[in-house]
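What follows is a structure written as structure tokens; I'll ask about it next.
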Amino acid sequence: MLARICMTLQPAEICWAVSDSNDPRVKIEFVKEENLGLKYRPSYNISPGEIVPIIISSQHFDADNFFYTIHPALWGFIPRWHKGIYNEHGFNTTNFSSEKMNVSRMYKPAFLKGQRCVLVVEGYYEHKRVPYNLPVKERPIYYIYAKQQKGVKIFDKSTWNYRDINLLYIAGIFDIWTDDTGEEILSFTMLSMDSENDVLSWLHPRRPVILESAYQIYRWLNFNEIEEMRAMQLIKHPNVNSIEWHKVSDCVLNASNKDSKCNKPIETIKYEHKSDDNED
DNA sequence: CCAGACGTTGTT
DNA sequence: GTCTGG
DNA sequence: CCAGACGTTGTT
DNA sequence: GTCTGG
């Protein structure tokens, strides 16, 4: 999968957006402003190796109460056994096939400890899969995001009410890694799944595991209440009914382009006009 | 047992 | 050609 | 994944 | 750290 996401919200704004829940058990806290000496930097184009906000259960730290906490975390899971510089383990841990969970040496231990998390994003970017004979430049790139209320455009902040926008919630696995000096780093991987037979199959054979309902998110995070077996069931066939997308320019391919034009719609080619973007 | 893998991706 | 940083 | 680097030096 | 293959 094309490893790019969009998340421009500030920590407080993330709390506002995420805490829109009727469930009194869902209390939101943004903790650990800094991690690794690196700070979460909201951006229209975020890549692996950067710090992004994830939600985890407070019960990983406080056994008495369950509520949501939002942490800045390193995108790219650091293997528990790794020694040395944190990012020199040599594995691509940006995402992980959820189907392989029960045989994974790398992720299973964290999963069995209930270390499930949710990555909060405004949207993610994906190359469309096209025939091999087409050059890279001919591959359209799409921005995928949650369906919004009337009048709200997720790619246009001037239309936002921070408490009303709909975000994407992507299931993940996290761990806390300790370096030689005792410094801890919170890192995570994004879970992926087959997109065959769902609304995104036209785009790419795989897609992130997207949690759509508040209840689904609650169960994915509450590891005490929902054990591993049921958690895996939960993400086996997650719904993706409430998503939308549009074509964007290739400026997002350069990871250093953090500009707002990264998630803006571009003119579609004349003959495939209108909302036919959604077609294969 | 011990060495080697452990992950992903437009690859072959 | 291949690795790394984002 | 893709873009960009791929190097050195008594220097800041 | 933990599992698998030989």
Side-chain angles (χ1 to χ4, degrees), chain A residues 1-8 35-52 72-113 115 119 121 123-144 170-180 184-185 187-195 200-209 228 248-259 262-263:
Chain A
M1 298 194 294
L2 175 57
R4 300 273 190 277
I5 65 161
C6 174
M7 190 62 187
T8 68
N35 194 349
L36 228 195
L38 298 170
K39 199 176 173 187
Y40 160 56
R41 300 197 187 288
S43 163
Y44 287 91
N45 185 6
I46 303 179
S47 316
E50 296 187 62
I51 307 295
V52 292
L74 179 76
W75 184 9
F77 186 96
I78 307 173
R80 221 172 186 16
W81 63 83
H82 175 65
K83 304 290 179 204
I85 311 298
Y86 76 94
N87 62 356
E88 291 182 351
H89 49 73
F91 295 93
N92 182 339
T93 57
T94 300
N95 44 54
F96 172 61
S97 305
S98 55
E99 300 92 338
K100 298 178 188 161
M101 188 65 85
N102 57 354
V103 294
S104 167
R105 294 180 184 72
M106 192 179 289
Y107 299 108
K108 199 179 180 185
F111 177 66
L112 292 180
K113 284 193 284 179
Q115 294 175 346
L119 169 64
V121 304
Y124 75 95
Y125 304 94
E126 186 70 274
H127 258 145
K128 183 177 176 179
R129 190 58 67 93
V130 298
Y132 269 110
N133 54 8
L134 287 182
V136 173
K137 289 292 175 193
E138 301 276 325
R139 279 187 278 158
I141 302 165
Y142 287 82
Y143 183 53
I144 298 102
I170 300 174
I173 300 295
F174 76 91
D175 204 357
I176 296 171
W177 177 80
T178 310
D179 75 8
D180 304 334
E184 292 184 335
I185 299 177
S187 70
F188 76 98
T189 193
M190 183 196 294
L191 294 185
S192 68
M193 62 183 287
D194 204 311
S195 67
L200 285 171
S201 59
W202 62 274
L203 177 63
H204 193 278
R206 301 200 56 82
R207 66 170 178 84
V209 175
E228 291 75 34
V248 294
S249 82
D250 61 2
C251 74
V252 73
L253 294 181
N254 184 336
S256 58
N257 290 339
K258 305 298 192 184
D259 194 87
C262 287
N263 72 357

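Each chain gets a letter, A, B and so on, in the order the sequences are listed, and its residues count up from 1.
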| task | Would you tell me if any nitrogen or oxygen in the side chain of A:Arg80 comes within less than 4.0 Å of OP1 or OP2 on B:dC6? | result |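 False: A:Arg80 side-chain N/O out of range (4.0 Å or more) of B:dC6 OP1/OP2.
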| task | Both distances under 3.5 Å, Watson-Crick or G-U wobble: report the partner of E:dT4, or none. | result |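 Checking every strand shown, E:dT4 finds its partner in B:dA3, with both distances under 3.5 Å.
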| query | Can you find a donor-acceptor pair, distance only, under 3.5 Å between A:Arg105 side chain and E:dG1 base? | reply |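 Flag unset: no donor-acceptor pair detected.
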| task | Identify whether any heavy atom of A:Lys83 sits under 4.0 Å from a base atom; if not, whether one sits that close to sugar-phosphate; answer base, sugar-phosphate or nothing. | result |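 No contact.
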| field | Distance, rounded to the nearest Å, where A:His127 contributes NE2 and D:dC2 contributes P | value |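 Going from NE2 in A:His127 over to P in D:dC2 covers 6 Å.
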| message | From C-beta outward on A:Phe96, which listed nucleotide comes closest to its side chain: B:dG7, D:dG4, B:dT9? | response |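 Ranking B:dG7, D:dG4, B:dT9 by closest atom to the A:Phe96 side chain puts B:dG7 first.
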| said: If the cut-off is 4.0 Å, is A:Lys100 near the phosphate of B:dT8, judged by side-chain N/O to OP1 or OP2? | reply: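 Checking B:dT8 against A:Lys100, a side-chain N or O does come within under 4.0 Å of OP1 or OP2.
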| query | Below 4.0 angstrom from OP1 or OP2 of B:dG7, is there any side-chain N or O of A:Ser104? | reply |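 Affirmative; the distance criterion is met.
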| task | Determine the Euclidean distance between corresponding P atoms of D:dG7 and B:dA3; express it in Å to zero decimal places. | result |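 B:dA3 and D:dG7 have their P atoms separated by 34 Å.
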| query | How long is the gap from OG1 on A:Thr94 to CE on A:Met1, to the nearest 0.5 Å? | reply |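 CE of A:Met1 is found 9.0 Å from OG1 of A:Thr94.
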| request: Please determine if a side-chain N or O atom of A:His204 lies less than 4.0 Å away from the OP1 or OP2 oxygen of B:dG10. | output: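 True: A:His204 side-chain N/O within range (under 4.0 Å) of B:dG10 OP1/OP2.
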| query | Can you tell me how far P of D:dC2 sits from CG of A:Asn45, to the nearest Å? | reply |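 Nearest whole value for this atom pair: 13 Å.
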| query | Is there side-chain contact between A:Met106 and A:Thr93, with at least one heavy-atom pair below 4.5 Å? | reply |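 They are in contact (side-chain heavy atoms under 4.5 Å apart), so the answer is yes.
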| query | Would you say a side-chain N or O of A:Asn87 is under 4.0 Å from OP1 or OP2 of C:dT4? | reply |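 For A:Asn87, the contact criterion (side-chain N or O under 4.0 Å from OP1 or OP2 of C:dT4) is not met.
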| Under 4.0 angstrom between A:Arg129 side-chain N/O and B:dG10 OP1 or OP2 |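 Checking A:Arg129 against B:dG10: at least one side-chain N or O falls below 4.0 Å of OP1 or OP2.
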| task | Please report, rounded to the nearest Å, how far the P atom of D:dG4 is from the CG atom of A:Leu253. | result |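 In whole Å, D:dG4 P and A:Leu253 CG are 10 Å from each other.
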| Once you round it to whole Å, what is the distance between P of C:dG6 and CG of A:Asn92? |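 One finds 16 Å between P of C:dG6 and CG of A:Asn92, rounded.
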| said: Do A:Leu119 and A:Met7 have side chains that approach each other closer than 4.5 Å (heavy atoms only, starting at C-beta)? | reply: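 They are not in side-chain contact.
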| request: Find the distance A:Glu50:CD to C:dG5:C1' and express it as a whole number of Å. | output: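 Rounded to the whole Å, the gap is 9 Å.
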| task | Quickly work out the A:Trp81 CH2 to E:dT2 P distance and round it to whole Å. | result |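 Going from A:Trp81 (CH2) to E:dT2 (P), I get 11 Å.
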| request: Examine the side chains of A:Asn45 and A:Ser43 and answer whether a donor and an acceptor come within less than 3.5 Å of each other. | output: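 No pair is found: no donor N or O on one side chain lies under 3.5 Å from an acceptor on the other.
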| request: Tell me whether the OP1 or OP2 atom of B:dT8 has a side-chain N or O from A:Ser97 closer than 4.0 Å. | output: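 Answer yes for this pair, as a side-chain N or O of A:Ser97 is under 4.0 Å from OP1 or OP2.
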| Atom-to-atom span, NZ of A:Lys113 to P of E:dG1 - whole angstrom |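 Rounded to the whole Å, the gap is 11 Å.
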| message | Exactly one of A:Phe174, A:Tyr86, A:Tyr107, A:Phe111 should register a ring-ring contact (aromatic ring centres under 6.0 Å, His included) with A:Phe77. Which one does? | response |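 The ring-ring contact (aromatic ring centres under 6.0 Å, His included) with A:Phe77 is passed solely by A:Tyr107 among A:Phe174, A:Tyr86, A:Tyr107, A:Phe111.
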| request: Looking at every strand, decide which applies to A:Phe77 at a 4.0 Å heavy-atom threshold: base, sugar-phosphate, or nothing. | output: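 No contact.
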| request: Please state how far atom CG in A:Leu203 lies from atom P in B:dG10, giving the value in whole angstrom units. | output: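 Roughly 11 Å, once rounded to whole Å.
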| Salt bridge or not for A:Glu228 and A:Lys108, using N-O below 4.0 Å? |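 Salt bridge between A:Glu228 and A:Lys108, a charged N being under 4.0 Å from a carboxylate O: no.
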| field | Between B:dG4 and D:dG10 - P atom distance, rounded Å | value |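 Approximately 41 Å lies between the P atom of D:dG10 and that of B:dG4.
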| Inter-nucleotide P distance (D:dC1, B:dT8), Å rounded |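 Comparing P positions in D:dC1 and B:dT8 gives a spacing of 12 Å.
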| message | Applying a 4.0 Å non-hydrogen cut-off, can you work out what A:Val130 is touching in the nucleic acid: base, sugar-phosphate, or nothing? | response |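 The residue A:Val130 makes base contact.
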| said: My understanding is that a pair needs two contacts under 3.5 Å, Watson-Crick or G-U wobble. By that rule, which nucleotide pairs with B:dT8? | reply: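 Looking at the geometry, B:dT8 pairs with no nucleotide.
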